[in-house]
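Data first, discussion second: the structure below is written as structure tokens.
In what follows, chains are A, B, ... by sequence order, proteins preceding strands, each numbered from 1.
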Amino acid sequence: MLLELKNLYKWVNVGGNRNFLLKDVSLNVNEGEFISIMGPSGSGKSTLLNVIGMLDQFDEGEYNFLHESVHKLKEKQRAGLYKQYIGFVFQAYHLIDELTVYENIETPLLYQDVKASERKALVADILDRFNIVGKKDLFPTQLSGGQQQLVGIARALIAKPKLILADEPTGNLNSKQGEEIMELFKQLNNEGVTIIQVTHSEKNAAYASKIIHLLDGRIEKEEKLS
Amino acid sequence: MIRNYFLVAWRNVIRNPFYSGLNVLGLLTGILFFFLIGAYVWNEYNVNRHLRNSSRQVFLRSVWKDPNSGPDITTFGPLSKRLKENYPTLVANYYRWDGITSVVSKGDRIFREGIQLGDSTLLSMYGFDLLQGDKVTALNDPFSAVITKEAALKYFNATNVIGETLSIQNFSGGKRDFKITGVLDDIPENSVLALNDANHNNIFLPTQSYTYFGRGDFDNWQNIILPSYVELREGVKAEDLAGPIQKLIADNAPVASQMGMKVVPIPLTDYYLQKDNALVKRLLYALSFTALFLLLMAMVNYINLAVSRSASRIKEIGIRKVMGGVRSQLIGQFLSESFILVTISVLLAIILYPLFSPVFSQVIGKAIPSLSQFPLVFLFIPFGFVVTIGFLAGIYPAMVLSAAGTVDAVKGKFATIKEKLWLRKSLVGFQFLMAIVVLTAAIIITQQVNYFFSRNVGYDKEFIVAAQLPRDWSPEGVAKMEAVRDQFASLPQVANATLSFEIPNGNNGGQPPVYRQGKDSANAIAMQALVTDDHYADTYKIPMAAGTYFQSEGGFDSSKVILNQTAVKALGWKDDGEAIGRWVRIPGSPINYLVAGVMKDFHFGSMQQAIAPSIVFNVKSGNTYRYMSFKIKSGEINETISSIQKKWSQLLPGSAFEYVFIDDALKKLYATEIQMKKATYTATVLAIIIVLLGVVGLISLSIRQKVKEIGIRKVLGASVSTLIGIFMKEFMIVVLLASVVAIPAAYLLMREWLNHYQYRIDMTLFPFVISTAALLLVTALLILVRTFNAARTNPVKSLRTE
Ligand SMILES: Nc1ncnc2c1ncn2[C@@H]1O[C@H](COP(=O)(O)OP(=O)(O)O)[C@@H](O)[C@H]1O
Ligand SMILES: [Mg+2]
């Protein structure tokens, strides 16, 4: 088992009232799974993904990642997981504006102390795969939304993570680009990478092996696909 | 990784030219001022450190029980020599000199020069190099002279002048040639060739010439006017001489030691900094603190701007964190940014140093070493600066920024800045505090300096010109000078003229103890002695309280003296009139002095000191004089001066007419205060520049943020006034709170400073109120200008550049 959420609650206090963002969420994710999270806007999809990614805290319940309680992880260990294990793709593509496309993609490798020659090869490889070699010296503000998202995904994949957390990765892409990304995810999943994605698209959700339906912070149903 | 840090940092710097410019300007101001002060301090610290065996060179300073009793820079003639003879294991060498001022000429080049009659050890003991001449024999012949390069150029326009002669006058009307046997190379400042401002000597003669000048024998214990130095043997400490000195004085000059006179051996390296109540040292400390505070203010600016800008960096922080960056790496990232900005500032400071050092030299009244004069190791200083300042300024913002929560960061929230608002405000408050303190200090120092010049000095200082006379200190000489004086006084433009030893510039000849006839001589009071002719009070318009100023029927009477009112009081007479016709005495002298007149108190020296009890002797009783003072009629001053000059060359051929106006002489008296005034002006300007840079930065960042909050359209309309209102309130409160702390601080500081002055202004609310008000006003103007500017430019643009 890769990760395990048990009766998780997250809330904010608004004028003395508890406003629940996540309510009694329990979820098991095994290595190699491909999960889609769906639900209406504001239902807590991003919140759940952020909790899974340890970007956000929860208020009650239990969360184990690789059999370790997330509560007990130190900053260094968490940073270690981000480096070695987890790749994020954000809804609002989040690139570093001061870095070129090439440098943005290279950054995770820098944090992993990958040798320069190897970095060069890896980045060149992925630029090629995403068909953005020509854009490598541009800054994010010089790219369209779709192109930025591609760079964001390329950056998430460069370090060969074993778990990819993606928040509406295709939201800003045209359908052809979206399809390519989904194919890529599928292929990675076949190679053993665990993927959890948030999506609005039924079609994209169908790439997964399991769909979680959220409503008002609660898991409404889990749908197993063949 | 490091390369990546610097790359990103550099791009951040150039992408935000306004913000970077503010930071660089602030840091540059602080660093440049620090460099200039540092250079000055280094220069002053090195005085006497270039001397050979500088750590073993010692100056013998006299300490009198009553500081009015004698000068502290001179001591017994034979003392240093006997120390060497009697204690050869302690003392390796000695040097002493007698300082005289006389007229030196070569052809038509006639100048009054400070001359040093000294031991031949001068050249060898301190390792002074000669450009020309033989170090070993230069001062052997009694009528040889060693001169500085400066003097050689002044008289001969050349430095190869060995064998040439200079003609030097003595004090009995004589004149003879001295053969130049050595020309000194340029020598860094030291207390041997230039003991104090009044003794910057350029001509050095052998001791044997003392008879020609009618000076005291160097080997006579009665001669106590020789500055004296010794060089210690290796391993000997200056204090080790205390015992031997004590013994020599007790054996040879019992009277002096009974009077509580002591001689203290002081390492020469300390002497310069500690002399005159550690004036130099205190100035160095004051300047160093100012420089440090300005630097601190500049760093605070950096911190403040960096923290307030965190909003625009928070996304980057989050991304880096989810890519596996740990906090220490983020700290490194932000530190590299401060390193870059500090590096730019330091480089600019070095480039601007040569441009600003002449300006600063003027303020400080002393030359500042040029870059090429620094030793090579100083190359490390800029590096040290970059590392230290870069770290100190950068570490706090780096800690704050790197601590931002990941989700907030990824979501790009503003939460973190709001929380630090109080901190930003207290940092700006600190800057305002400093600015208010220096501005208040500047105002109070200015008031005090103005007070020196506006307070009634007790005599009429307007239209008085004084010039040094050639000396013939004999009854005939005085008679001749009195005749000369009368000739001058008869010039139509000259109202009066007087012959005296002193002019009211604080330098007087002696401090004899004085007591009333019939009273115990042990209670004698050290008085400031003046030597003048009968016309002094008339010329300087010093009012009499009782009696007359010497003039008496029945001719000159050498026993007559004049007292001032303070002296009358000190001697215990209730009433000025009571003293007239009474007798006073000096211990050890058989003469009874008759009090012929009591003059009202006047300020003979700086108003730092209280008016001292004074006694005036007639110039004919001691036959010594230095000055002729002229009271000139108002009108064409230049014409008057040139007519005096013409008369001078007629009556006193072969002597230079080098005159001063008394009010200019007073300016010299307050040189330190005037210098301090200029220094506080500089500090005030710099402090205000830095604080305003900080305010500009903060307002600009707030405007951007508010523009976002309020929304693009609204900003153009009604919200401008709202924005101005918000900023006004924000910053005015900070200034006012800062003034609450600054005013008592400035008050205590300035009270302490004013307490050094016997005559001082009363501190009023005015300086405090005006400096706070001034800062409020400047800040308000800045806010207005800045906000209007921001409102006029398209806010969409400012959103984009974020
Ligand atoms: N820190 C927070 N404080 C208060 N409300 C929040 C916070 N984070 C999210 N929410 C609210 O929780 C709900 C779920 O948000 P989110 O997970 O972003 O939804 P989505 O399913 O659209 O991704 C939304 O109504 C959002 O406004
Ligand atoms: Mg969402």
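- For the atom pair CG of B:N12 and CD1 of A:I96, the computed distance is 10.0 Å after rounding to the nearest 0.5 Å.
- Within the model, atoms CD of A:E103 and CZ of B:R11 stand 4.0 Å from one another, a figure rounded to the nearest 0.5 Å.
- In this structure, B:R15 contributes its side chain and A:D97 its backbone to a donor-acceptor pair below 3.5 Å.
- More than 12 heavy-atom neighbours from other residues, nucleotides or ligands sit within 6.0 angstrom of CD on A:Q142.
- Of all non-hydrogen atoms in A:Y82 and B:M323, the two that sit nearest each other are CB-C, 4.4 Å.
- Rounding to the nearest 0.5 Å gives a distance of 6.0 Å between NE2 of A:H94 and CD1 of B:I319.
- Contact annotation for A:F139: only side-chain heavy atoms (C-beta onward) come within less than 4.5 Å of a heavy atom of chain B.
- Here the CD-CG distance, from B:E316 to A:L99, works out to 7.0 Å after rounding to the nearest 0.5 Å.
- Across every non-hydrogen atom of A:A79 and B:G325, the tightest pair is CB-O, 4.3 Å.
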